[in-house]
Amino acid sequence: MEEKKNSPPHGLLKQNNMILRFLMVLLSSCVINRNYLCSTHPMVTPTVSPHSGSSNITASLEALRLDGHLSFDNMHHAAKDFGNRHHFLPSAVLHPKSVSDISSTIKHIFEMGTTTGLTVAARGHGHSLEGQAQAYHGVVINMESLQAPDMYFHIGELPYVDASGGELWINLLHESVKHGLTPKSWTDYLHLTVGGTLSNAGISGQAFRHGPQINNVYQLEVVTGTGEVVTCSEKKNADLFYGVLGGLGQFGIITRARISLEPAPMMVKWIRVLYTDFFLFSKDQEHLISSKNSFDYIEGFVIINRTGLLNNWRSSFNPKDPVQASQFNSEGRTLFCLEIAKYFNPEETNFMTQKVDSLLSELSYIKSTLLLSEVSYVEFLDRVHVSELKLREMGLWEVPHPWLNLLIPKSRIHDFANEVFGNILTDTSTGPILIYPVDKSKWNNRTSMVTPEEDVFYLVAFLSSAMPFSKGTDGLEHILNQNKRILDFCKSANLGMKQYLPHYITREDWKTHFGTQWEVFVMRKSTYDPLAILAPGQRIFQKARRSFSDIGLQNNQHNIQSSKGR
Ligand code: FAD
């Protein structure tokens, strides 16, 4: 298969594995605290085509009058994502230049009805993990082509920016700071699109205060599954607005979003401290997210059995007490790192330092492990990209990423930590494990995003990279087994866990995931995408398919029924 043809020779892979192990240690220690590593894996492709008569379909798509264009060749890019485990080739890729390109294409497919299984997937930056932005034999819309109109900044009491759904958050950041402004809520990595993260949630260290990105949107322009272009907000078409936010792309394609802004700081005080005791670590995290004048960013991660941890971090962080820090031994230990940041402008340095000292004095971390750094606001937010560039340079960005993102209720986080960090995992060498609490009482609960029932819950993200062809603990099979053990434990211990960036195969599992929100979700689907054309890669709904012969048969049966009734 295509992937195998392009696979590197075995010796090179072995060498790459060694380099990758080295990088894992290096990267987790430097400015970038995330190893979003990765590779190649055989395609998983369905064998049954969702529609016949594909030449007719191609011809009918070709006949559409568009500002942009459709391509029917070289579409492998649209059959790839960051997860690198699912590869579904589409029939066509739309490169839209206007919203009307998207609308006409969907309208055309909608009007074809159920005679074709043709579906449509918006593809943001393709950073999904399980093929969610792919459409097997369908049409993939390359949202990044949709640039026009330019970003529009409203500067006033409630500043905002209007941006394309295909815009990358990193571009939004660069443009916003030119106006002295910034979005409030982020993801850890900014080379993701506005529409892609708003279809999920967009969670990072600012979410405890501002909620996820979906809480910081005033208005959306959406193309529904019938091709209708609708503007929606809290006041106008609210059902669609809240449905689309966190709606996994099921109800419409976000073509434009109005995102709320605040004044941008220039600098960031970036801090790491370590704990050996999970109880103290989580107690401090929960204390910080509930304090009024807290840090501006609160996250955390787990490190199991890492050698020379603090020394490795010294290239980017300065220990408060270098002598003590150099004597700290991380080997063989399970450590919890609290990562926090305070934003400031240069003229506020003294005030910021006092505030940080006062906040730190309330915490119970191991004093010798206090590490500090000062970086620009943009550098801080774009921290993961540095790691990406290094890995790309070494050809190690495109490996499989069997990631698992879970939301665990606060009342069960200790049960979870005991089992997972005490039993299931023996080290964290395949990638970082993030763990931090958020408080959803400040979030808008009308969106489609599903969360645990308690107000405070933890995001726990296992961000593993699998080494191609490895049968060891860094291989795909081992990591997938580990993920399964974690999921099985959550289920058997009845933790009330919800998946973030959820991935299920059966309808029953989706129903369980949505719980009491399932009926609303289904109702919205039938209202805004009645033929189930949109985002087939999420595998929640399947487009009904009737061939012409089925229709003929049905008509015959209808005639028989009718004649019987006469
Ligand atoms: P895609 O993968 O292209 O699409 C995702 C889904 O949304 C698909 O179903 C697609 O069809 C649909 N979609 C795409 N564009 C639109 C649109 N305009 N309208 C409607 N539907 C659309 N997430 C977090 O919350 N926090 C993080 O800190 C975080 N860090 C990450 C770091 C890395 C390195 C990576 C790879 C991912 C991270 N993510 C994080 C996950 C990320 O938010 C999701 O993978 C997101 O879907 C990626 O955005 P994308 O633009 O690449 O979307």
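Each ligand, and each atom within it, is numbered from 1 in the order the structure gives.
Here Q132 has heavy atoms under 4.0 Å from ligand 1 in both its backbone and its side chain.
Ring-plane geometry between H95 and H69 is classed as parallel, the angle between the planes falling under 30 degrees on a 0 to 90 degree scale with a further cut at 60.
Between H86 and Q134, the side chains place no donor N or O within less than 3.5 Å of an acceptor N or O (distance only, hydrogens not considered). Side chain to side chain, Y189 and E388 meet the donor-acceptor criterion of an N or O pair below 3.5 Å.
Take T447 and apply the side-chain contact (heavy atoms from CB on, under 4.5 Å) test, not counting sequence neighbours, and it matches I214, Y242, L245, M449.
Nearest to atom 24 (C) of ligand 1 by heavy-atom distance, out of T187, L463, T197, is T187. The nearest non-hydrogen atom to atom 15 (N) of ligand 1, considering only A461, S199, G196, comes from G196.
Listed by first and then second residue, the ring pair (Phe, Tyr, Trp, His ring centres under 6.0 Å) pairs involving residues 434-468 are W443-F457 (not counting sequence neighbours).
Residue contacts with ligand 1 do not include W186, since none of its heavy atoms lies under 4.0 Å from the ligand. Taking 4.0 Å as the cut-off, G202 counts as a neighbour of ligand 1 on heavy-atom distance. Residue G537 places every heavy atom at 4.0 Å or more from ligand 1. Between N200 and ligand 1 there is a heavy-atom distance shorter than 4.0 Å.
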